[in-house]
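Naming: A, B, ... by sequence-line order, numbering from 1 per chain.
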Amino acid sequence: MRLSRYFLPVLKENPAEAQIVSHRLMLRAGMIKQQAAGIYSWLPLGFKVLRKIENIVHDEQIRAGHIPMQMPTLQPADLWRESGRYDAYGPEMLRMKDRHDRDMLFSPTAEEMFTDVFRAHVNSYKDLPLTIYQIQWKFRDEVRPRFGVMRGREFYMKDGYNFDLTKEDALHAYNRHLVSYLRTYERMGLQAIPMRADSGPIGGDDTHEFLVLAETGESEVFYDSQITDLTFGDRTINYDSREECQAVLEEFTSRYARTDETHDAAIFDQIPEERRRVARGIEVGQIFYFGTKYSEPMGATVTDAEGNKVPVHMGSHGIGVSRLLGAIIEANHDDKGIIWPEGVTPFHVGIVNLKQGDEAADAACEGLYADLEAAGFEPLYDDRNERAGGKFATMDLIGLPWRITVGPRGLANGVVELTSRRSGESVEMAPAEAVAKIKEIYAKHPHPKGA
RNA sequence: CGGGGCGUAGCGCAGCCUGGUAGCGCGACGGUUUUGGGUACCGUAGGCCGUAGGUUCGAAUCCUAUCGCCCCGACCA
């Protein structure tokens, strides 16, 4: 993309409405525009990152054997009356009537609808196990939306549902999700710690929340510092193996890590004092096992091998996709702007032409641009007729992790500059070498395919 | 939902107390000058002062109502 032809309305000053850093930076970097409390338009740059994150989620879900599909955002109230949640949900659910005076609602979550699809089409234990999921907009009419996309009323969320014959199968699904979530967050450059959590209104016996440590987090968290030493890394795992998934669950839940909802001071105090941590975290996902809570009242049953109709065991699992943008920025920024992890960056590399109109500089930039695109990358070429300082400031603000700086002085010596946004270090090299270096860097951070 | 604050140009703000017909910075646009970390200067455009009603000769300013937004707390992907 050439910046002169892109739509990137960056702001020099901080909008008054934004208090926390991720919200400020998203507005300044021209990623979002607020339309109402907790409701945002996604401008091109924000939309691009949202898509990257969404596609990583898809990649990892599909890798784990889960099947993508999509439910409507507007749903009839009847299904919700059947589950008993139409009355239970309260004013957080946005309700409306259609022209025939039928009660409708904007889906705040989709247990009912997935269960309905399941019962309509699945009848035999032979069709199990089954995990289906969607990434779809949800609406919860929060009392107090805040922090930009971190607590919007409208938000983009992956929600998945597993249907299994037995509790053991459902718990394997639970573990499989835990593993896939660990992979998902790490690919985005985040460390998200699974913490024992409270089940809340969704209900269920087993649940973990995934939290990203950040000062601006809304939850207070308590953990053993050893937990943050764990990484999933690039290990391979067989998602069908109960033992392997169970082992990962045990490894990543072997140290104390809880939110304030489930915190137990007596257990916490048994941890050696130097390892006890009290911090704040951003909740970016949650997994539940809830047995037959929905399948029984809604008649989601299968016929088992003995010919009996039995309710299926279910679980649900969520990842806050739009919230993740905020969480990633909270965890990756400095005073100049965003620093995108390679896995989610909207463009792989920025090209800064220090002297637009200079024959050699223009030609070198065009060459780099073409070579990078040919290699399968998306470069962002700042070809505007702006001063160097302005171009640098824009690049720093929007946070591309790598920048190639091209100017007449360097070109006189046959070199351009490759700069890391994170470290600020610059290395001079020939243009072809810079392209090779970018290839090398992104070999470790494949960009997602999506569903 | 309780408590606090704010709505004036695209963005950030001043003016309001002590009514007299709206201003600054950034940005945008046009020039000149610059060009390796937001250059300097000149000029231009842009506002029914959130909305409605009231008081007044006169309202951004005072009064009433209403809508919207932000922050703190209680609740939540």
Applying the side-chain contact (heavy atoms from CB on, under 4.5 Å) test to A:Phe347, which of A:Val49, A:Leu400, A:Leu3 qualifies?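 So the option named by the test is A:Leu400.
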I need the residues from residues 319-351 of chain A with at least one non-hydrogen atom less than 4.0 Å from RNA chain B; give them sorted by number, or say none.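 By residue number: A:Gly320, A:Arg323.
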Might you work through the side chain to side chain contact (heavy atoms under 4.5 Å, CB included) test for A:Leu325 and A:Ile32, ending with a clear yes or no? CA-CA 11 Å; A:Leu325 272 94; A:Ile32 52 172; over 6 Å; no
Which is it for A:Phe163 and A:Val122 under the side chain to side chain contact (heavy atoms under 4.5 Å, CB included) test, yes or no, and what are the steps along the way? CA-CA 10 Å; A:Phe163 303 88; A:Val122 181; over 6 Å; no
Any strand counts, and the cut-off is 3.5 Å on both contacts for Watson-Crick or G-U wobble. Which nucleotide pairs with [N]?
N     : answer
B:G12 : B:C24
B:C6  : B:G68
B:C41 : B:G31
B:G73 : B:C1
B:U55 : none
B:C49 : none

Compute the ring centroids of A:Tyr133 and A:His66, then answer whether they are less than 6.0 Å apart.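 Here the rings of A:His66 and A:Tyr133 have centres that are no less than 6.0 Å from each other.
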Would you say the ring centroid of A:Tyr289 lies under 6.0 angstrom from that of A:Tyr174?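 Centroid distance A:Tyr289-A:Tyr174: not below 6.0 Å, so no.
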Nearest heavy atom decides the nucleotide; on that basis, is A:Glu209 or A:Val10 closer to the 5' end of RNA chain B?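 Comparing both residues, the 5'-ward one is A:Val10.
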Base, backbone or nothing for each nucleotide of nucleotides 26-32 of chain B, written B, S, -, heavy atoms under 4.0 angstrom, 5' to 3'? BS-----
Nucleic acid footprint by protein, nucleotides 66-75 of chain B - heavy-atom cut-off 4.0 Å, B for base, S for sugar-phosphate alone: ---SSBBBBB
In whole Å, I'd like the distance from the [atom1] atom of [X] to the [atom2] atom of [N].
X        : N     : atom1 : atom2 : value
A:Glu359 : B:U35 : CD    : C1'   : 18 Å
A:Leu43  : B:G10 : CG    : P     : 17 Å
A:Lys391 : B:U39 : NZ    : P     : 13 Å
A:Arg28  : B:G38 : CZ    : C1'   : 10 Å

Check the pair A:Ser22, A:Glu330 against side chain to side chain donor-acceptor pair (under 3.5 Å), reporting the backbone distance first and the verdict last. CA-CA 5 Å; A:Ser22 61; A:Glu330 289 293 329; 2.7 Å; yes
Is there a side-chain contact between A:Phe147 and A:His23 in this structure, where contact means two heavy atoms from C-beta onward sitting under 4.5 Å apart?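 They are not in side-chain contact.
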For the P atoms, the ones on B:U55 and on B:U64, what distance do you get once it is rounded to whole angstrom?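 Those two atoms are separated by 15 Å.
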Give me the distance, rounded to whole Å, that separates B:C16 from B:G50 when you measure between the P atoms they each carry.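 So the two P atoms sit 15 Å from each other.
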Quick one: label [X] by what it contacts on the DNA or RNA (base, sugar-phosphate, nothing), any heavy atom closer than 4.0 Å.
X        : result
A:Gly390 : base
A:Asp159 : nothing
A:Pro9   : nothing
A:Gly424 : nothing

Determine whether the side chains of A:Arg95 and A:Tyr89 contain a donor N or O and an acceptor N or O closer than 3.5 Å.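 No donor-acceptor contact under 3.5 Å links the two side chains.
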Side-chain H-bond candidate by donor/acceptor type, A:Arg176 with A:Thr131, under 3.5 Å: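 Yes.
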A:Gln356/A:Asn385 under side chain to side chain donor-acceptor pair (under 3.5 Å): CA gap, chis, key distance, verdict: CA-CA 6 Å; A:Gln356 206 69 41; A:Asn385 190 21; over 6 Å; no
With no hydrogens and no angle check, is any side-chain donor or acceptor of A:Tyr369 less than 3.5 Å from a backbone partner on A:Met1?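 Answer holds: yes.
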Are A:Arg387 and B:G36 close enough that a side-chain N or O sits under 4.0 Å from OP1 or OP2?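 So the side-chain polar atoms of A:Arg387 do come within 4.0 Å of the phosphate oxygens OP1 or OP2 of B:G36, strictly under.
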